[in-house]
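What you see below is based on every heavy atom in this structure, not just the backbone, and it leaves out hydrogens, waters and symmetry mates. Throughout, residue positions are numbered sequentially from 1 according to the sequence presented.
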Amino acid sequence: QVQLVESGGGLVQAGGSLRLSCAASGRIFNRYFMGWFRQAPGKEREFVAVISWSDGYTNSADSVKGRFTISRDNAKNTVYLQMSSLQPEDTAVYYCAAGLTGRSTALGYAYWGQGTQVTVSS
């Protein structure tokens, strides 16, 4: 009974920035990890970044390190993904997820948002 709602996606030119938000509600606990995944046309869903509610542990995919930053605001039950230096290959539907592990695979997450589209033009 966890609900996740992503927002902030849109169309941006290469080199630009976007900030995605994931608002969580329902039966969410500090032990949960919050992850961002993305899925591009014709590709499998891939891990982007993860953060823990409790201690701020973070991990991110090599493809986005140095460009994307994950953060959270516990008081607002919101997780953010700040994306900079966006490239066309970042184009995908971005999903927020919650789970009891910090694994970098979708199988480790039980709850998912509906996704938000990010399109980067060259």
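Distance check, rounded to the nearest 0.5 Å: CD of Q87 to OG of S122 gives 9.5 Å. Distance check: R72 CZ to S21 OG gives 15.5 Å after rounding to the nearest 0.5 Å. A distance of 11.0 Å separates CG in N59 from OG in S52, rounded to the nearest 0.5 Å. The distance from the CZ atom of R19 to the CE atom of M83 is 11.0 Å, given to the nearest 0.5 Å. F37 CZ to L81 CG: the interatomic distance, rounded to the nearest 0.5 Å, is 12.0 Å. With values rounded to the nearest 0.5 angstrom, R38 atom CZ is found 5.0 Å from D90 atom CG.
A chain of hydrophobic side-chain contacts below 4.5 Å, direct or via other Ile, Leu, Val, Met, Phe, Trp or Tyr residues, connects F68 to W36. Taking hydrophobic clusters as Ile, Leu, Val, Met, Phe, Trp and Tyr residues chained together by side-chain heavy-atom distances below 4.5 Å, F33 does not share a cluster with V2. No path of Ile, Leu, Val, Met, Phe, Trp and Tyr side chains, each step under 4.5 Å between heavy atoms, connects W112 with Y80, placing them in separate hydrophobic clusters. Under the 4.5 Å side-chain heavy-atom criterion for ILVMFWY residues, a single connected hydrophobic cluster contains both F47 and Y57. Cluster membership for L20 and V50, using ILVMFWY side-chain heavy atoms within less than 4.5 angstrom, is not shared.
The nearest pair of heavy atoms linking W53 to V79 is CH2-CG2, 3.8 Å. Contact detail for L18 and L86: the closest heavy-atom pair is N-CD1, 3.9 Å. Looking at every heavy atom in both residues, A24 comes nearest to M34 through CB-CE, 4.5 Å. Here the closest non-hydrogen pair linking S85 and S17 is N-OG, 4.4 Å. For T91 against V120, the heavy-atom pair with the smallest separation is OG1-N, 2.9 Å.
Ring geometry, Y111 versus Y32: the interplanar angle falls from 30° to 60°, so the pair is classed tilted.
The stretch residues 53-122 participates, sequence neighbours left out, in these disulfide (SG to SG under 2.5 Å) pairs: C22-C96.
Remark: E89 engages no residue in a side chain to side chain donor-acceptor pair (under 3.5 Å) (not counting sequence neighbours). Applying the side chain to side chain donor-acceptor pair (under 3.5 Å) rule to Y109 yields no partners; only residues at least two apart in sequence or on another chain are considered.
For the pair R27 (side chain) and Q1 (backbone), a donor-acceptor distance under 3.5 Å is absent. Although no hydrogens or angles enter the test, the distance criterion places a donor-acceptor pair under 3.5 Å between the side chain of Q114 and the main chain of E6.
Counting non-hydrogen atoms of other residues, nucleotides and ligands closer than 6.0 Å to NZ of K76 gives a total of 12 or fewer.
A 4.5 Å side-chain heavy-atom check between L4 and Y95 finds every atom pair outside the cut-off.
Between the side chains of Q117 and T119, a donor-acceptor pair is found at a separation under 3.5 Å.
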